[in-house]
Student: 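Attaching a single structure in structure tokens format; questions to follow.
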Number of protein chains: 2
Amino acid sequence: MIDKHLLKLRARDVISAEEEAFIRGGVSGSAKVPRDTVVVRAFDPIHTSNILVSGIACRLKDLGNGRRQITELHVPGDFTDVHGFSLKYLDHDILALTDCQFALVPHAHLQEMTERHAHLTRVYWFGTNLDAAIHREWALSLGRRDATARMAHLFCELYVRLELVGLVRQGAYDLPLTQVELSDCLGITPVHTNRTLQQLRSEGVVEFRSGQVIVHDLAALEAVAGFDPRYLYLQRMQR
Amino acid sequence: MIDKHLLKLRARDVISAEEEAFIRGGVSGSAKVPRDTVVVRAFDPIHTSNILVSGIACRLKDLGNGRRQITELHVPGDFTDVHGFSLKYLDHDILALTDCQFALVPHAHLQEMTERHAHLTRVYWFGTNLDAAIHREWALSLGRRDATARMAHLFCELYVRLELVGLVRQGAYDLPLTQVELSDCLGITPVHTNRTLQQLRSEGVVEFRSGQVIVHDLAALEAVAGFDPRYLYLQRMQR
DNA sequence: CGAGGGGTTGATGGTTGTCAAGGGCTGTGG
DNA sequence: CCACAGCCCTTGACAACCATCAACCCCTCG
């Protein structure tokens, strides 16, 4: 069930058989939730964290006045809320953007990990730091890239992250979001999202249609985005 | 030297005398750097992390074409780059925005901490998760708040964070940044920063002048910002 | 005294937001 | 089987926020 999660971990560090067993042993159950479900509500106390097994989820901050910002998209293999273990509550919702399956990990298990598995603790600490690096790149996009570059950059990021877990085929990947949800990632209005998508499509760079991203020209997409993947920390650590 | 750092830690968790000794024992030296110094350069390998003792520093992402985005401001007591311990290099610069003093902590010491001090490891893990929460709030600002609210929100955040380490007096605190640097926090141009500052000043809410932030009406400032401090996780944990 | 950094102001333009309407598709129930 | 609701996408007209460009002021410092 959490094979993709291990794939993601092993892309960046060495996980021993014993550590793998410990991780697998920590999964206390699983949950299937339909599209548009709030999996974890902001500010609620929590005692379990969720590994995304399948589907697309996100971290969503809601201003209440109708304005909302997605601060990260989650792909299969992601630990959507390990940070909940140390924070005790989240400052944002975890929302399933499509039908999703999650593997559940009690915080007690993470507590035990910190007591007895120093290396694994560092691996998951790294994981939350990677999330923070993604947040920073999004802040850069939101602050200093125009709508076109911002959108291209998001498509580049997802390309890399999904390829890591084997979900890119022939330069295309599934992303069954609405244009409204995409807007909430990019900090623009749905109308402008629509027009930006049309522009990228007409230039033959990338297409977003019927829940799929089809990259026609990856080099061009990266150029439009100004994409530099180093913020995703893709090299494996030497232990 | 790192009293403010301990103040910050103890605001959110219980630190034993033994743990305090371990932290203090980890400081291998200190560094004084003048304004505008890059303390840690993006993508350089690193083996030491820095606790900010005095001054204001930031995390800065540079697009190269003149566009740059500050993703977090650091105040005295902050561990500006603990995340460098697990990431091995940073995806952004650490820049001293004023004359700064830092306490240096070798990564070997943090490594030892993860092996022998599980609770302290959780404390510092929490710390990086708090940074990520701040990143998310900034992403929300950059994506969904207008310039006025964004600026007000930043002043609110700094008010809380500086108060925690005893650096707010009579509703005012030092913030010796230029308007250009403030612009790089807010994702707007210096010209617009200037006009937004004038607006907030003329409304009697807050004043930013000669390196000081003077809050005239905190309630109004928080209202303009839509400020909710819960993302700063101010309650102390019960161990 | 001149250079340079920082701040201020005015005029103008562009990216993006807002408002409003309509089209296509899907699912459902009469 | 058709009517209709609802969601999603698309388009056009217009407005607003913010960027750009350019100039000027003030202060400090060599």
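Just so it is clear, the values below take in all heavy atoms, side chains as well, and ignore hydrogens, waters and symmetry mates. Chain letters run A, B, ... following the sequence lines, proteins first, then strands; residues in each count from 1.
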Student: Return each pair, listed once, that meets side chain to side chain donor-acceptor pair (under 3.5 Å) where at least one residue sits in residues 199-219 of chain A; pairs must be two or more places apart or across chains.
Tutor: A/T148-A/Q199, A/Q199-A/E203, A/E207-A/R209, A/E207-A/H216

Student: Hey, where on DNA chain D does chain A first and last touch, going 5' to 3'? Cut-off is any atom under 4.0 Å from a heavy atom.
Tutor: D/dC8 to D/dA13

Student: Please give, in whole Å, the distance from C/dT16 P to A/M151 CE?
Tutor: 10 Å

Student: I'd like to know whether NZ of A/K8 has more than 12 heavy-atom contacts from other residues, nucleotides or ligands below 6.0 angstrom.
Tutor: yes

Student: Using heavy-atom distances to pick each residue's nearest nucleotide on DNA chain D, tell me which of A/R35 and A/R195 is more 5'.
Tutor: A/R35

Student: Can you list everything that forms a side-chain hydrogen bond (donor to acceptor under 3.5 Å, both in side chains) with B/S183? Sequence neighbours excluded, please.
Tutor: B/T193

Student: Between P on C/dG17 and NE2 on A/H192, what's the gap in Å once rounded to a whole number?
Tutor: 6 Å

Student: Rounded to whole angstrom units, what separation is found between the CG atom of B/N194 and the P atom of C/dT9?
Tutor: 6 Å

Student: Please confirm whether the shortest side-chain N or O distance from A/R67 to OP1 or OP2 of C/dT18 is below 4.0 Å.
Tutor: yes

Student: In whole angstrom, give the distance that lies between atom CG of B/L200 and atom P of C/dT8.
Tutor: 13 Å

Student: Under 4.0 Å, heavy atoms only, any strand: does B/R209 hit a base, just the sugar-phosphate, or nothing?
Tutor: nothing

Student: Tell me if the centroids of the rings in B/Y231 and B/H153 come within less than 6.0 Å of each other.
Tutor: yes

Student: Heavy atoms only, 4.0 Å cut-off, all strands: where does A/R150 land among base, sugar-phosphate and nothing?
Tutor: nothing

Student: So, do A/M151 and A/T196 sit near enough that their side-chain heavy atoms are less than 4.5 Å apart?
Tutor: yes

Student: Do A/T80 and A/H74 have side-chain heavy atoms sitting under 4.5 Å apart?
Tutor: yes

Student: Which of these passes salt bridge (Lys or Arg N to Asp or Glu O under 4.0 Å) with A/E137: A/R145, A/R161, A/R230, A/R144?
Tutor: A/R145

Student: Tell me every residue that passes salt bridge (Lys or Arg N to Asp or Glu O under 4.0 Å) with A/R12, counting only those two or more places apart in sequence or in another chain.
Tutor: none

Student: Nearest nucleotide by nearest heavy atom, which residue falls closer to the 5' end of DNA chain C, B/Q198 or B/D36?
Tutor: B/D36

Student: What residues in residues 175-190 of chain B put a non-hydrogen atom under 4.0 Å from any atom of DNA chain C?
Tutor: B/T178, B/Q179

Student: Could you pull out all residues at least two apart from A/E181 that satisfy salt bridge (Lys or Arg N to Asp or Glu O under 4.0 Å)?
Tutor: A/R35

